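Right, one structure below, let's go through it.
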Protein chains: 4
Amino acid sequence: MSRKKTIDRVDLYTATEELILEEGYSSFHFKALAERLGVARSTIYNYYDKKEELITDYMIHLLARSVERIDDTAHDPEPVKGLIRLWSRYAHIHQMLQIMPYIDQEASDKVKENVRRMFQLFMEMKEKIGVILTTGEEATKIRQDVSLSTRIGFIMATVQIPIQGMTEEEWVDEVYTILRDGLYTKPTDTR
Amino acid sequence: MSRKKTIDRVDLYTATEELILEEGYSSFHFKALAERLGVARSTIYNYYDKKEELITDYMIHLLARSVERIDDTAHDPEPVKGLIRLWSRYAHIHQMLQIMPYIDQEASDKVKENVRRMFQLFMEMKEKIGVILTTGEEATKIRQDVSLSTRIGFIMATVQIPIQGMTEEEWVDEVYTILRDGLYTKPTDTR
Amino acid sequence: MSRKKTIDRVDLYTATEELILEEGYSSFHFKALAERLGVARSTIYNYYDKKEELITDYMIHLLARSVERIDDTAHDPEPVKGLIRLWSRYAHIHQMLQIMPYIDQEASDKVKENVRRMFQLFMEMKEKIGVILTTGEEATKIRQDVSLSTRIGFIMATVQIPIQGMTEEEWVDEVYTILRDGLYTKPTDTR
Amino acid sequence: MSRKKTIDRVDLYTATEELILEEGYSSFHFKALAERLGVARSTIYNYYDKKEELITDYMIHLLARSVERIDDTAHDPEPVKGLIRLWSRYAHIHQMLQIMPYIDQEASDKVKENVRRMFQLFMEMKEKIGVILTTGEEATKIRQDVSLSTRIGFIMATVQIPIQGMTEEEWVDEVYTILRDGLYTKPTDTR
DNA sequence: CATGAATGAGGCTTCATTCAT
DNA sequence: GATGAATGAAGCCTCATTCAT
């Protein structure tokens with residue numbers, strides 16, 4: 001039919017993520033993206049009208065995928081540990097979400113719509129975590145005397161903890177240990 | 001009142017913080033700053049050659065002040081709770097630090113120097129927290145079987161947990177409760 | 001129905017006119033035209049290399065048709081009124097001619113040739129009007145003490161007069177009345 | 001106080017008009033304007049944020065001035081002739097107004113406001129002409145049996161009539177003659 | 001022919017920054 | 001010091017146009 005494509009969505013997404021993680025969001029322009037992809041800048045405009053549309057499309061894709069994975073952790077013998085492990089693997093999502101405030105949401109209607117969708121997915125994610133914390137067998141072991149939002153927030157905040165020279169699994173173990181038993185030694189242990 | 005035609009550092013810092021917290025770092029230009037201060041844009045250049053110098057100067061000032069406060073928490077009957085409380089109060093520091101990756105560190109030598117200093121202060125902060133966690137009376141109650149960096153990271157991560165419709169003190173209580181005892185009910189409690 | 005994937009000249013002309021009258025000449029691009037026609041932009045290039053060629057071709061077609069109609073008015077019992085009526089009907093020609101100055105005549109040789117042809121047709125039109133004004137029975141009633149070009153210009157200028165809430169025929173009557181007898185009441189009438 | 005200005009409003013207006021009359025509105029960019037003024041393109045942005053704002057400001061200025069002049073013609077012994085003469089002198093206004101449909105009114109709020117203002121001035125102009133045609137001594141000589149809007153439209157349309165190798169005053173005479181007495185010789189004259 | 005893909009040219013804008021007063 | 005003026009660099013964006021299939 002026509003000329004072969006040199007860029008496809010996947011390439012775009014990959015280059016977008018690389019560019020942002022390596023250079024920061026402030027370096028994310030179609031100019032830089034085009035250089036990385038080896039195409040003319042205007043070529044990218046045939047795919048996306050605004051950089052904000054590209055980046056939010058990508059973030060939705062990323063977020064959607066990780067929301068799906070949460071379901072898997074629900075069947076883990078230790079679901080909360082599963083979540084932590086999921087976090088460690090999708091750490092870059094967190095970094096990507098961090099740039100949200102820098103995205104010009106007024107750039108276009110599509111961007112606004114995308115941001116709305118991301119917010120939705122984010123809610124969904126929290127809800128799924130909430131379900132794990134309040135229903136099912138695991139929930140019987142989890143304290144219910146602290147507001148759900150704080151419990152969810154706590155789990156999500158752990159993504160911020162630096163890995164600092166240990167393996168992924170070591171990090172998961174350590175974080176899970178504190179999250180489960182607390183920072184303090186147990187009074188019962190001292191008996 | 002008529003606009004002040006002279007600026008002082010405090011005004012600069014105040015305007016800088018306000019601008020960034022209200023509009024985001026991407027809106028932080030000398031242009032916007034000048035408008036907010038009611039002076040000509042070029043006037044700011046009499047004080048700062050680069051916006052990066054201004055912002056890092058300000059962040060150092062902010063960071064230095066909060067590092068000082070950590071010492072106070074050490075004398076708290078519950079030092080870790082004190083840290084949490086400090087966090088909730090200095091939440092905007094966290095927001096400010098978040099923009100670090102967006103600062104062009106190559107802007108000038110002074111900027112580089114400032115960033116170095118900030119890193120130092122950050123280390124200092126962690127160290128002070130480390131001291132609280134490993135020495136003194138409180139330390140005897142804190143688990144030492146998890147790497148210090150993870151413990152510190154955990155405490156610092158709590159700043160991310162949303163407050164969501166509770167008072168500051170309620171939030172502090174909830175967060176401290178989980179941090180201290182863990183997310184799970186204690187086996188001993190079920191006995 | 002599915003979009004036609006083949007274009008013919010008539011469609012091109014229709015879409016061209018619609019696009020220009022609805023959106024203005026500044027919105028006349030092959031991009032917009034292609035969208036309206038439901039074909040790929042590059043397809044249009046199989047017919048026209050330049051948008052200027054298309055538009056001038058179309059204008060020639062339009063102009064030629066209206067020049068033909070002038071002959072009909074010559075046999076009207078009131079030829080000048082016939083011209084006015086012709087005007088009211090072909091008002092969009094006037095709009096189309098208005099965009100002439102915005103056409104880049106240097107776009108191609110064909111464009112230059114087309115513009116030349118349009119000028120010719122325009123001359124022809126004026127000439128035909130001139131003939132009506134200077135020969136034949138009607139001419140005996142028309143004042144010859146004013147330069148022909150001004151007389152012709154006067155008639156052609158009437159196309160600019162707004163219709164403003166009357167019927168076409170009312171407008172024709174009013175305009176013709178003034179054109180024939182003048183704006184002033186006649187001294188003879190007051191006698 | 002500060003550096004001497006190299007461009008002022010008048011220069012801007014002059015260059016704007018020249019550029020448009022010589023090259024057409026399609027060539028009216030800040031780039032071209034800057035070249036003509038011998039300044040950097042960005043310099044113009046210190047005066048006007050959008051080319052549409054500049055051009056509409058200029059057109060308002062132009063229109064306002066010519067509206068004022070209408071009052072003068074009212075005291076002319078032959079007010080309608082005065083209007084015609086005014087037209088011939090301000091012919092370029094007409095050309096400028098012709099470009100109105102090409103101005104992107106959505107460019108900014110200021111543009112929208114300006115366009116509103118122009119419309120207002122235009123109405124005012126018509127009204128003033130209407131007053132001349134319907135009140136005062138002159139009005140007694142003017143036919144009132146044709147709608148006012150057509151009479152006004154007629155006068156305004158005369159600006160379109162080409163001058164074609166005569167002096168301004170000759171043109172004014174010819175146009176006024178036809179406008180006053182009509183295109184046809186009077187029946188009384190043939191008696 | 002029709003088309004999807006790629007591109008270059010050109011215009012738009014925003015700021016940081018310098019400079020003369 | 002404070003300021004208004006001017007500017008360059010850099011990013012944004014839209015099309016016309018070419019080309020291979």
Side-chain angles (χ1 to χ4, degrees), chain A residues 1-8 26-34 37-52 104 107-108, chain B residues 3-8 26-34 37-52 104 107-108, chain C residues 3-8 26-34 37-52 104 107-108, chain D residues 1-8 26-34 37-52 104 107-108:
Chain A
M1 325 249 139
S2 65
R3 218 141 132 204
K4 239 195 285 100
K5 265 194 194 184
T6 62
I7 37 177
D8 64 2
S26 43
S27 298
F28 177 68
H29 330 122
F30 277 3
K31 195 187 176 198
L33 204 55
L37 286 164
V39 299
R41 203 195 324 199
S42 56
T43 302
I44 301 181
Y45 282 93
N46 290 334
Y47 296 83
Y48 279 101
D49 282 345
K50 304 261 178 187
K51 64 176 180 175
E52 286 83 5
D104 174 17
S108 81
Chain B
R3 286 165 159 186
K4 263 204 295 246
K5 286 298 168 195
T6 317
I7 343 177
D8 66 7
S26 43
S27 297
F28 176 68
H29 333 120
F30 277 3
K31 196 187 178 196
L33 202 56
L37 286 164
V39 299
R41 205 183 335 182
S42 50
T43 303
I44 301 181
Y45 282 87
N46 291 328
Y47 299 84
Y48 281 102
D49 281 345
K50 302 265 177 186
K51 65 174 180 176
E52 285 83 4
D104 174 18
S108 81
Chain C
R3 286 164 159 184
K4 261 202 292 220
K5 287 297 169 192
T6 316
I7 344 178
D8 66 8
S26 45
S27 297
F28 177 69
H29 331 121
F30 278 2
K31 197 189 177 195
L33 202 57
L37 286 165
V39 300
R41 203 180 341 179
S42 49
T43 303
I44 300 180
Y45 281 88
N46 291 326
Y47 298 84
Y48 280 102
D49 281 346
K50 302 266 177 186
K51 64 174 180 176
E52 285 83 4
D104 173 18
S108 79
Chain D
M1 330 249 139
S2 65
R3 217 142 132 204
K4 239 195 285 97
K5 266 196 193 182
T6 61
I7 37 179
D8 65 3
S26 45
S27 298
F28 177 67
H29 331 122
F30 278 2
K31 195 186 175 197
L33 204 54
L37 287 165
V39 299
R41 204 196 322 199
S42 55
T43 302
I44 301 180
Y45 281 92
N46 290 333
Y47 296 82
Y48 280 101
D49 282 344
K50 304 261 179 186
K51 64 174 181 177
E52 285 84 5
D104 174 17
S108 81

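When reading the values below, keep in mind they use all heavy atoms of this one structure, side chains included, and skip hydrogens, waters and symmetry mates. Throughout, a chain's letter reflects where its sequence line sits, starting with A, and its residues are numbered from 1. The model shown is predicted, which means the values in this text are computed figures rather than measured ones.
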Can you give me the N/O atom pairs linking the protein to nucleotides 9-11 of chain F at distances under 3.5 Å, or say none if there are none?
unit_1	atom_1	unit_2	atom_2	d
F:dG11	OP2	A:Lys31	NZ	3.2

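- Contact between the side-chain N/O atoms of A:Tyr45 and the OP1/OP2 oxygens of F:dT14 is not found at any separation under 4.0 Å.
- With the 3.5 Å cutoff on both pairing distances, Watson-Crick and G-U pairs in DNA chain F assemble into runs of at least 3 at E:2-21 with F:2-21.
- Residue contacts for C:Tyr48: at a heavy-atom cut-off of 4.0 Å it reaches no nucleic acid atom on any strand shown.
- Between A:Tyr47 and E:dA6, a side-chain N or O to OP1/OP2 separation shorter than 4.0 Å is present.
- Residue B:Phe30 holds its CZ atom at 11.5 Å from OG1 of B:Thr43, rounded to the nearest 0.5 Å.
- For the pair A:Gly38 and C:Ile44, nearest-nucleotide mapping onto DNA chain E gives the more 5' position to C:Ile44.
- Straight-line distance from the CG atom of C:Asn46 to the C1' atom of F:dA16: 15 Å, rounded to whole Å.
- Going from atom CD1 of D:Ile7 over to atom P of F:dA5 covers 10 Å, rounded to whole Å.
- When the C1' atom of E:dC15 is taken as reference, atom CD of B:Glu52 falls 12 Å away, rounded to whole Å.
- Atom pair A:Leu37:CG and E:dA5:C1' shows a separation of 14 Å (rounding to whole Å applied).
- Mapped onto DNA chain F by nearest heavy atom, D:Val39 and C:Ser26 fall at different nucleotides, with D:Val39 at the one closer to the 5' end.
- Nearest heavy atoms, D:Glu52 versus D:Ala107: OE1-CB, 3.6 Å.
- A distance of 12.0 Å separates NE2 of B:His29 from CD1 of B:Ile44, quoted to the nearest 0.5 Å.
- Atom-to-atom, CG of A:Asp104 to C1' of E:dT13 comes out at 14 Å; the value is rounded to the nearest Å.
- Going from atom CG of D:Asp49 over to atom C1' of E:dC15 covers 13 Å, rounded to whole Å.
- Taking both residues in full, the closest heavy atoms of D:Ala32 and D:Ser27 are given as CB-O, 3.5 Å, listed atom of the first, atom of the second, then distance.
- In the set E:dC1, F:dA2, E:dG8, the nucleotide with an atom closest to the side chain of A:Ala40 is E:dG8.
- Comparing A:Thr43 and B:Phe28 against DNA chain E, the residue whose closest nucleotide sits nearer the 5' end is A:Thr43.
- Look at B:Lys50 and you'll find a side-chain N or O under 4.0 angstrom from OP1 or OP2 of E:dT17.
- Atom CG of C:Asp8 is separated from atom C1' of E:dA2 by 15 Å (rounded to the nearest Å).
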